[in-house]
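Chain A is the first sequence line, chain B the second, and so forth, proteins listed ahead of strands; every chain is numbered from 1.
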2 protein chains.
Amino acid sequence: MEKKKNISMAVIKRLPKYHRYLGELMNNDVDRISSKELSEKIGFTASQIRQDLNCFGDFGQQGYGYNVRELHGQISNILGLTKVYKTAIIGAGNIGQAIANYTRFEKLGFSLEAIFDVNPKVIGLRIRDVEIKDIDFLSDFLKENPIDIGIICVPSNNAQKVCDTLVKNGVKGIWNFAYVDLVVPEDVKVENVHLSDSLLTLSCLLTDIE
Amino acid sequence: MEKKKNISMAVIKRLPKYHRYLGELMNNDVDRISSKELSEKIGFTASQIRQDLNCFGDFGQQGYGYNVRELHGQISNILGLTKVYKTAIIGAGNIGQAIANYTRFEKLGFSLEAIFDVNPKVIGLRIRDVEIKDIDFLSDFLKENPIDIGIICVPSNNAQKVCDTLVKNGVKGIWNFAYVDLVVPEDVKVENVHLSDSLLTLSCLLTDIE
DNA sequence: TAGATTGTTAATCGATTAACAATC
DNA sequence: TAGATTGTTAATCGATTAACAATC
């Protein structure tokens, strides 16, 4: 096993979109596609598509294009969708509950193992068969049940503390919905969903200036 | 009023982060900050910070740095936070309800005017004093009540249809949580929150390849 | 074989960083 | 005035696009 060292973040950020479009093509029983055709659907240039894919291997065939099913499988592989990731949600507020209720993530191979919260009113409740546990037991739980991805949905002021607990107990992936930038060791990966940033970006695009 | 024509998306995407960090500095009663100090906090280079800010004006002062309160105000202005945006949520499922329950967006000047759904079980319910309306009345509602930003939280297969209705009734900003790429006229801006893409990016970062 | 389309190198474009004169 | 720090130009770096030989 060797790290994907030289793959730029720009490329990685495009991979999920390839995965999605190829999945749709598969569902529509399309067998093959050229970079040119895919380009028209997905909105990247054909050149960029070929460059991106060639970061990972020679998946195409001259004169033919790409086999949709095979390419989808390759990208699934690159995205790490061939294994099951164990996840835990910390914070069962609005966003935590929303994420817990999603079923799409399960289908992609992300298994929700536990939910934690501080609020006695929600502790003991169940979301899709997963009981909300007292956050005081987070550390103990992680020691017994290794988790791959911690999904942080607590208020910003508690997020770093929760993050530290996760990291201390071996969690290597953090999906962070709190509006803070978390500090983690180098081997821990953080992916932020900063909804306010997203909304402000939109607001900026809608605004003219003097 | 003149368009921010030559500002790259890379710069725009950083603005919310400036806004957030400067807001925190203000809360901590910091009066002035140099690009170097801000660089250490925010994680961009000092040079990049100065370049970014100079896209919009000369906000600093040689030998002194930037006045925190003034710079925060300028960025609020650039982000369009000086006006109130009227928003409507379409789709009162998990994510729609979560967004509706957020109060931070109200504080930033985004006012939730209405919520729509197809499900008779939720129509008539209220989230923070906003009643969930029948989606059949969306078009009529928009004609009477101009909306700046439509927040699409319906399932992917209905998203484009909802989007078309919004656009047809003058909505210029779409905050899209559905997992599709929407087609809109050039003068309509779409900001996507594709949670699956985000999770898959994280999964990719956690994965080694052969 | 002829046509199509890849993989890949080279050229271009854009974004980031470095440097420094201007100036508070 | 001396020191600090900006605004801005120039240099570098990286990402995208174009071009085309290789080859199915």
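Taking side-chain N and O atoms only, Gln61(B) has no distance below 4.0 Å to OP1 or OP2 of dT6(D). Applying the 4.0 Å criterion to OP1 and OP2 of dG7(D), one finds that Arg50(B) has every side-chain N and O outside that range. For dG7(D), one of the phosphate oxygens OP1 or OP2 lies less than 4.0 angstrom from a side-chain nitrogen or oxygen of Tyr66(B).
Comment: Lys36(B) engages Glu40(B) in a salt bridge, judged by a side-chain N to carboxylate O separation of less than 4.0 angstrom. Using a 4.0 Å cut-off between a side-chain N of Lys or Arg and a carboxylate O of Asp or Glu, Lys83(A) and Asp148(A) qualify as a salt bridge.
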- Message: At under 4.0 Å between heavy atoms, how does the protein contact nucleotides 9-14 of chain D? Give one character per nucleotide, 5' to 3', with B, S or -.
- Response: BB----
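The listed nucleotides are dA15(C), dT8(C), dT8(D); the one nearest the side chain of Asn54(A) is dT8(C).
Residues Asn192(A) and Tyr179(A) have side chains that never bring a donor and an acceptor to within less than 3.5 angstrom of each other. No hydrogens or angles considered: nothing links the side chains of Ser76(A) and Gln74(A) as a donor-acceptor pair under 3.5 Å. Between the side chains of Ser139(A) and Lys143(A), at least one donor N or O sits under 3.5 Å from an acceptor N or O. Neither side chain, Glu24(B) nor Asn28(B), offers a donor N or O lying under 3.5 Å from an acceptor on the other. Judged by distance alone, the side chains of Ser196(B) and Tyr102(A) never bring a donor and an acceptor atom under 3.5 Å apart. Between the side chains of Thr201(B) and Glu191(A), no donor-acceptor pair is found at a separation under 3.5 Å.
By the 6.0 Å contact criterion, NZ on Lys17(B) is enclosed, its count of non-hydrogen atoms from other residues, nucleotides or ligands being greater than 12.
Residues Ile95(B) and Ile95(A) meet the side-chain proximity criterion, which asks for heavy atoms closer than 4.5 Å. Within the 4.5 Å cutoff, the side chain of Ile90(A) has no heavy atoms near those of the Phe177(A) side chain.
When rounded to the nearest whole Å, the span between CG of Asn6(A) and C1' of dA15(D) equals 14 Å. Following rounding to the nearest Å, Leu53(B) (CG) and dT5(D) (P) show an atom-to-atom distance of 16 Å. One interatomic measurement links the two molecules: CG of Asp58(B) to P of dA22(C), which rounds to 16 Å at whole-angstrom precision. As rounded to whole Å, 13 Å separates atom P of dG7(D) from atom OH of Tyr64(B). Atom CZ in Phe56(A) sits about 17 Å away from atom C1' in dT8(C), given to the nearest Å. Distance Ile49(B) CD1 to dA15(C) C1': 16 Å, rounded to the nearest Å. Distance Gln48(B) CD to dT8(D) C1': 16 Å, rounded to the nearest Å.
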- Task: Take Asp31(A) and Tyr66(A) through the test side chain to side chain donor-acceptor pair (under 3.5 Å) and record every step on the way to the result.
- Result: CA-CA 9 Å; Asp31(A) 287 335; Tyr66(A) 299 87; over 6 Å; no
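Taken together, the paired segments of DNA chain C that extend over three or more consecutive Watson-Crick or G-U pairs, each closer than 3.5 Å at both contacts, are C:3-24 with D:3-24.
Nearest-nucleotide positions on DNA chain D for Gln62(A) and Asp52(A) put Asp52(A) closer to the 5' end.
A heavy-atom distance below 4.0 Å to DNA chain C is reached by these residues of residues 29-46 of chain A, ordered by number: Arg32(A), Ser34(A), Ser35(A).
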